[in-house]
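Right, one structure below, let's go through it.
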Amino acid sequence: MHTFNLILLAAGLLTLMSLVAGVMSARLGLSFLLVFLVAGMLVGVDGPGGIRFYDTQLTAWVGNAALAIILLEGGLSTRMATFRAGLRPAIGLATLGVAVTAGIVGVTAMAAMGVDWRYGLLLGAIVSSTDAAAVFSVLRHAGVQLDSRVSSTLEVESGLNDPMAVFLTLALIDTIRADSGLVDALWLLVRQAGFGAAVGLSAGWAMAWLMRVVFARAPHQGGLLALMLLSAGLVVFASAGLIEGSGFLAVYLFGVRVRALADEASRGAASALDGYAWAAQAGLFLLLGLLVSPNQMFEDAGRTLAVAATLIFVARPVAVAFCLLPMRFSPREVLFIGWVGLRGAVPIVLALFPLMAQVPGSYRFFNVAFAVVLLSLLLQGTFLSVAARWLRVVADPKTGGAEPVRLQGHLLLDGSLPLADVCHFFQVPLPEKASSTLGDWLEEALIGGASQLTWHGVVFEVTEREGDGVAQVRVTLARS
């Protein structure tokens with residue numbers, strides 16, 4: 001029991017310190033997720049902690065479960081209008097864009113690392129997809145409000161491109177092991193995309209019906225509904241995997257479908273689900289940082305820099321331009337979307353697949369993938385807001401680029417509405433210390449029993465409370 005308490009103490013302190021450091025680093029413009037990776041490295045085998053951890057199987061299991069939770073929360077946070085706006089360009093980026101990226105990076109890997117085409121393309125496939133956890137996190141904490149078309153394309157792409165990366169990775173592993181051909185590879189792609197989409201969409205319809213029934217009887221049980229959604233999402237992810245479909249695609253579409261068909265109920269669970277997603281991200285990134293060996297990573301530093309530079313400055317921009325310019329995206333939008341090709345947990349988890357398949361020399365791929373993710377979060381994540389303003393893809397009311405909403409009279413809003421959606425509708429900036437819902441924000445912002453708050457010309461007045469929370473808010477424009 002004494003050992004258990006020591007382990008629990010160490011884990012709790014590490015997570016708490018990482019969260020505090022993450023909040024502070026986010027204010028400096030650094031990616032929140034970068035801190036968790038670095039924290040894991042510090043307690044790992046080459047850091048001051050000196051913990052030897054080499055269990056790739058456990059890491060893969062935890063990684064897949066955590067990504068399922070992150071994608072579920074991302075899908076539930078995606079409004080149907082956003083999904084429709086970003087679907088057409090995102091499909092191109094998630095399929096052809098991933099393949100083009102993998103091919104260009106693969107050529108560089110062949111030259112820089114001295115490997116044949118199968119191994120080069122395998123590394124390209126591993127790092128080819130953007131990561132939902134990184135994209136969702138950075139977009140929400142960047143301090144800027146992007147143009148809706150750009151934002152929706154980035155969010156939907158990050159939720160849809162994992163199956164293509166998984167397909168390419170598994171197909172190339174099988175090619176290296178010489179037990180599959182072209183027909184097998186195509187059938188793998190059909191299973192991954194088709195079965196995953198079928199499971200996710202059908203389960204989303206069933207869960208939406210169930211939630212509407214439960215929500216009608218227990219409308220304020222947000223925590224219970226969140227737990228239902230979480231458990232259902234894990235069932236969807238596992239079910240798709242059992243029939244060899246893409247669990248990543250299934251759970252993301254499941255979340256999108258539930259949000260579309262049971263919007264009010266899913267918004268009631270948003271706050272708790274956001275907490276689950278953060279816990280999953282923290283645990284996953286700490287574990288991935290613990291698994292890597294920085295000393296071995298530094299041995300391939302030159303080759304890694306070549307691969308990372310090709311990915312960030314060549315492969316991603318070329319793939320984005322190839323897919324989006326025919327869709328009448330402006331050059332500025334194409335450049336920005338090309339820059340926000342954030343890599344995160346998915347490439348590192350994919351790098352575990354050849355390790356578990358015992359592909360010769362695959363540990364180098366894990367180290368390279370890890371270093372590429374670090375550089376991506378450090379460069380692309382840190383300078384996201386700078387690039388957005390420089391390329392003028394920001395929809396920020398403070399710059400005068402958008403007209404505020406004109407109200408005749410007032411609006412009554414539910415306190416459970418996502419604060420980001422409310423601020424976007426009224427064209428006002430999101431508060432720096434923003435809560436997930438309108439009611440939670442007002443609870444924190446109102447001081448001394450006040451019931452009214454003015455924020456950038458919009459008056460928010462609490463008109464109804466239920467228990468300890470804000471149930472209804474009257475919104476009017478302040479008189480100038």
Side-chain angles (χ1 to χ4, degrees), residues 65 67-88 90-91 94 132 136 140 152 155-160 162-163 193-243 245-277 280 413-422 424-425 436-439 471:
L67 288 171
I69 297 171
I70 293 164
L71 283 164
L72 170 64
E73 194 273 336
L76 285 164
S77 300
T78 304
R79 295 173 299 169
M80 184 51 62
T82 298
F83 187 76
R84 290 197 185 102
L87 181 59
R88 184 165 171 261
I91 286 178
F136 292 150
R140 293 174 189 176
S152 60
E155 287 201 31
V156 177
E157 178 209 359
S158 69
L160 295 180
D162 295 329
F195 292 175
V199 170
L201 293 174
S202 58
W205 178 86
M207 190 63 192
W209 174 82
L210 179 61
M211 286 188 66
R212 287 196 300 269
V213 173
V214 173
F215 189 76
R217 298 181 179 180
H220 302 292
Q221 297 295 324
L224 175 61
L225 291 172
L227 193 57
M228 287 175 56
L229 281 168
L230 177 63
S231 56
L234 294 176
V235 168
V236 169
F237 183 86
S239 299
L242 286 173
I243 60 174
S246 171
F248 298 124
L249 179 62
V251 77
Y252 177 71
L253 293 179
F254 170 77
V256 171
R257 188 71 169 161
V258 169
R259 173 69 187 266
L261 298 178
D263 182 68
E264 188 176 0
S266 60
R267 282 192 280 107
S271 181
L273 274 169
D274 185 60
Y276 294 147
L413 300 181
D414 194 297
S416 65
L417 284 172
L419 181 60
D421 290 353
V422 175
H424 176 70
F425 178 78
S436 59
T437 68
L438 173 62

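By convention here, the first residue in the shown sequence is residue 1. Predicted, not measured: the structure shown is a model, and the values here were computed from it.
In this structure, CG on Leu72 lies 9.5 Å from OG on Ser231, to the nearest 0.5 angstrom. How far CG of Leu210 is from CG of Leu225: 9.0 Å, rounded to the nearest 0.5 Å. If you take OG on Ser246 and CZ on Phe237, they are separated by 7.5 Å, rounding to the nearest 0.5 Å. Here the CG atom belonging to Leu230 is positioned 11.0 Å from the CD atom belonging to Glu73, to the nearest 0.5 angstrom. Interatomic distance, Leu71 CG to Leu253 CG, rounded to the nearest 0.5 Å: 10.0 Å. Note that CG of Leu234 and CD1 of Ile69 are 5.5 Å apart. Values are rounded to the nearest 0.5 Å.
Residue Leu76 comes nearest to Gly255 through the heavy atom pair CD2-O, 3.4 Å, listed as atom of the first residue, atom of the second, then distance. Closest heavy-atom contact between Met211 and Leu229: SD-CD2, 3.3 Å. Annotation for Gly200 and Val236: closest pair CA-CG1, 4.2 Å, computed over non-hydrogen atoms.
Legend: residues meeting salt bridge (Lys or Arg N to Asp or Glu O under 4.0 Å) with Arg257, ordered by chain and number and at least two apart, are absent. Remark: Ala65 engages no residue in a side-chain contact (heavy atoms from CB on, under 4.5 Å) (not counting sequence neighbours). Residues meeting the side-chain contact (heavy atoms from CB on, under 4.5 Å) test with Ala208, sequence neighbours left out: Arg212, Leu261, Ala262. Remark: Ala193 pairs with no residue by the side-chain contact (heavy atoms from CB on, under 4.5 Å) rule, at least two apart or across chains. Residues satisfying the ring pair (Phe, Tyr, Trp, His ring centres under 6.0 Å) criterion with Phe254, sequence neighbours excluded, are absent altogether.
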From CA spacing to verdict: side chain to side chain contact (heavy atoms under 4.5 Å, CB included), Val156, Tyr252: CA-CA 9 Å; Val156 177; Tyr252 177 71; 4.0 Å; yes
